[in-house]
Amino acid sequence: MKLEMLHKIRMVTNILERKVELLETLDSDATSDGCYDLHDQLHTFNKLVRDLKAVTDRSIDIVPGGLCD
């Protein structure tokens, strides 16, 4: 059950990563108001997504694949 939950977290994290990439694209649109106003926040978003992906991957590596003995 833990591995299943971790794999679901990984899927959500991948979705979040794509959403942040889209937000970054929107923020860099020079034709829109507030161009680059999220620059610092996007940096933080990217770091947090990387960290979340890393802790999820480490957790998947730690949790045994079978039943508890």
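All values below come from the heavy atoms of this structure, side chains included, with hydrogens, waters and symmetry mates left out. If you read the sequence from its start, that first residue is 1, and numbering goes on from there.
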What distance do [X] atom [atom1] and [Y] atom [atom2] have between them, rounded to the nearest 0.5 Å?
X: Ile9; Y: Asp57; atom1: CD1; atom2: CG; value: 11.5 Å
X: Met11; Y: Leu16; atom1: CE; atom2: CG; value: 14.0 Å
X: Leu48; Y: Thr13; atom1: CG; atom2: OG1; value: 11.5 Å

What residue pairs, at least two apart or across chains, pass salt bridge (Lys or Arg N to Asp or Glu O under 4.0 Å) with a residue in residues 19-34? none

In the hydrophobic cluster built from side-chain contacts under 4.5 Å, what are the other members alongside [X]?
X: Val12; answer: none
X: Leu22; answer: Leu26
X: Ile62; answer: none
X: Val55; answer: Leu52

Apply side-chain hydrogen bond (donor to acceptor under 3.5 Å, both in side chains) to [X] and list each qualifying residue two or more places apart in sequence or on a separate chain.
X: Thr25; value: none
X: Lys8; value: Glu4
X: Asn46; value: none
X: Asp40; value: none

Write down the atom of Ala30, the atom of Cys35, and the distance for their closest heavy-atom approach. CA-SG, 3.6 Å

Among the clusters formed by ILVMFWY side chains lying less than 4.5 Å apart, do Leu23 and Val49 turn up in the same one? yes

For Asn14, side chain to side chain contact (heavy atoms under 4.5 Å, CB included) partners two or more places apart: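 Residues passing side chain to side chain contact (heavy atoms under 4.5 Å, CB included) with Asn14: Arg10, Glu17, Arg18, Lys53.
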
Do other residues, nucleotides or ligands put more than 12 heavy atoms under 6.0 Å from His43 NE2?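 12 or below, so no.
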
